[in-house]
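Notes follow the structure.
Chain letters run A, B, ... following the sequence lines, proteins first and then strands; every chain starts at 1.
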Amino acid sequence: MSSISGLVAVLLTVLQWAGRGLPSPVRPICDPRVLDRFIMEARDTETALRGCKAGCGVTGTFVVPLTNVDFVVLETKDTEEQALEVQSGLFLFGQALGAVRESVSRAAVKSLIDNNKSNIHSLGQVLRSLHIKDLSLSPAPAVGDSATRKVSSLSELLRVHTNFLRGKVRLLLTNAPACQQNST
Amino acid sequence: KKMTNDNLNKLLVFCVLFCAQKTSIVHGAQALETKVTLLLHAEPENPKCFAEGMSDLTCFWEEDEERAGFTDQYSFIYTYQNENSSECSITALPAAGGKRLYFCRLSQTQLFVPLDIRVFRDDLLIHNRSLFIELVFLLDPPANLTLTSTGTQGQLKASWLPPSLKYMGDSMMYEVSYTMAGSHIGKVEEVQASSELILRGLQSGTKYKVRIRVKLDGISYSGYWSTWTDPVLMETMPGDLDPLIVSLSLIISLVLTLLSLLVLMSHRRFLLKKIWPIIPTPESKFQGLFKVYGGDFQEWLGHSTGGLWLRPAYFYSEEFPAPLEVLSEVSLGPALPSSALPPKASETLGEEDEDEKLKRVDSALMERWRETPQEHWPMDQLRAIHQHPAPWTQSSLLESHDAYVTLNAQNHSGEEPLDDILEETLPLQVLFASGRTSSESRSDLGSFQQSSGLGRLSSQSSFEYPNHTWPPKGPGYTYMAVADSGVSMDYSPMSSSKIDDIGKGVIYTNEYKNEIPAHRRPIGTPIHFAF
């Protein structure tokens, strides 16, 4: 009996270990059009919910990352630092959009929010393909508060979300070493 | 000295740099001017701002010269999100049309974050604008636009150098405009994130004018269309014949050539006759004339065995045909058929045999002689006529110099047919010649009496009666009068009065044909006609 349970335990451990260390996709996703689609969908969501009365019933404050990019400063940062910023930011946006989904009642709004959430998840996959550690799932805050700020409306949240994708995320993907090797 | 040299060197370097900078400044100023002009039309908001690179921003606004203040009257305040405000220094430049431009230039910028701009004039807010810098790019047009041939008909390849912005290469969008040289209608093609484009569907052998402008695609970055580059001209490849058309036309021409050759060959002889007619030669008509006798026609005639139907008048011109009048006696007895006139025998003198001369005596005459075995009847007739000289002497016949020969058929016993006598044994001499003297003629002439065989034929010449004392013998008779005018002979049948008395006798006139007797013509030889 104990031998059998021991065997099962070992098997589960092995499987868990295998499951945790999911192999990253072989081919790096360097096509900028992938991110461009996410950006456009985020922009469409922002535009669609800009005229939402009373913030579409969304209240509360959300912690969002900073979106500003200084190229001069960017030159000094390496890819890992950038990756850290991007992933923590994506995490924050995931959290915020999840909270927004809970507050809204209209189905159309809910579907838009769901779409953006799935896009964020897909971005994590893209980063993983570029051999960038995906920290979005991990709850550990990678960056400090200085890199964040608070927003109080849905439209602001969506705007920041769009800007974040356009700026930092894109730059990271463009400068990813995996993609630099392939590009001529 | 060394110090002086160093100073001079420094001065020289400074001068070079200054000059270079001046050139670039001038060039930059020109570029700025065009951009300003472009933005004045493209951007409605104030201040008008544009980014040329990754870390700069240029803002400006326009004011009328008369209302313009000093630069220190204005303040340009800009604020990034979640940051403190900053101020930008203002410069003023004169512009065309009595305007003044105020510029503010930032050398360090933050993208993907809202930027607030406020312009104050004497603490009065005149302009307020919030923008994203990454959305106001106004790039320089692409450089080094070149056109090359792709090697294919109706194609040109355009290549250029993209603006050198590090992170934005894949976000750039280009617009290529190409028109035929001299035409105003052009086509535009867009291409993204590329540095070359193949223009298709162009006309062969035509010059094309191509230009290009650039803009960011609008997803991450955006901005205004750049100015057009200077146009570049290039001629497309000359038109070439479609190989299918060439081969088909070759085949068709080959087929047509073969057909025409066949037609020509089938009508070869006809065409040859038309183009190169054969010169006719008379050799076929005159056998042996050219080959044997060398063209000597006289000789050839003499030796010619071929029967030639010739009129004697052509070939015997020296000898004139002389008519022979054969008079026959018409009896006054009953049932006298009118005398058949013996046909005149035109005979040639000399060359023909006597045997032939009586061949043409009419058979009717012979019959009649059988019927009327009277002797001397022609002469009797003549005598009778002479007794009545009036009609006779009035006859033109005796007045002429023509001679007459009479044939007297004598009675003979025996039943030998007269035709034997006549045909074979009764030659008759032709003794006429117009224009001769009677004495002459008499010597030539002679009456002769010939009798051979059973029958006897006596003849008398009119010349024996020179004084027109031709005694008519016997009853009336018919005769043919000959009038020889020297040019032509006139034959006319006449009859004596006796015959008229007898009754209307039918005068038979027989056609006489000048014919060479058939026996002389060898059998089988065709008669050739001279032409």
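Residue L115(B) does not touch chain A at all, counting heavy-atom pairs closer than 4.5 Å. Looking at F132(B), only its side chain comes within 4.5 Å of chain A, counting heavy atoms on both sides.
Of all residues spanning residues 105-112 of chain B, those with a heavy atom less than 4.5 Å away from chain A's heavy atoms are Q108(B), T109(B), Q110(B), L111(B), F112(B), arranged by number.
Side-chain N/O atoms of S220(B) and R170(A) include a donor and acceptor closer than 3.5 Å.
By number of non-hydrogen pairs under 4.5 angstrom with chain B, the leading residue of D70(A), V160(A), I39(A), N68(A) is N68(A). Annotation: maximal heavy-atom pairing with chain B below 4.5 Å, among D36(A), T174(A), T162(A), L35(A), occurs at D36(A).
Atom NZ of residue K166(B) and atom CG of residue L171(A) lie 10.0 Å apart, to the nearest 0.5 angstrom. Rounding to the nearest 0.5 Å gives a distance of 9.0 Å between CZ of F71(A) and CG of L165(B).
With a 6.0 Å cutoff to the six-membered ring centre and a 45° limit on the axis angle, R166(A) does not count as a cation-pi contact of Y221(B).
Heavy-atom contacts from other residues, nucleotides or ligands closer than 6.0 Å to CD of E75(A) number more than 12. Atom CZ of R118(B) has 12 or fewer neighbouring heavy atoms from other residues, nucleotides or ligands inside a 6.0 Å radius. More than 12 heavy atoms of other residues, nucleotides or ligands lie within 6.0 Å of CG in D72(B), so this atom counts as buried by the packing criterion. Counting heavy-atom neighbours within 6.0 Å of E235(B) CD, excluding the residue itself, gives a total above 12. Atom CG of D78(A) is surrounded by more than 12 heavy atoms from other residues, nucleotides or ligands within 6.0 Å.
In this structure, S152(A) has no side-chain hydrogen bond (donor to acceptor under 3.5 Å, both in side chains) partners at least two apart in sequence or on a different chain.
Nearest heavy-atom pair across R43(A) and G218(B) is NH2-O, 3.1 Å.
V113(B) places none of its side-chain heavy atoms less than 4.5 Å from the side chain of N163(A).
The only option from V73(A), V72(A), L74(A) that meets the side-chain contact (heavy atoms from CB on, under 4.5 Å) definition with S55(B) turns out to be V72(A).
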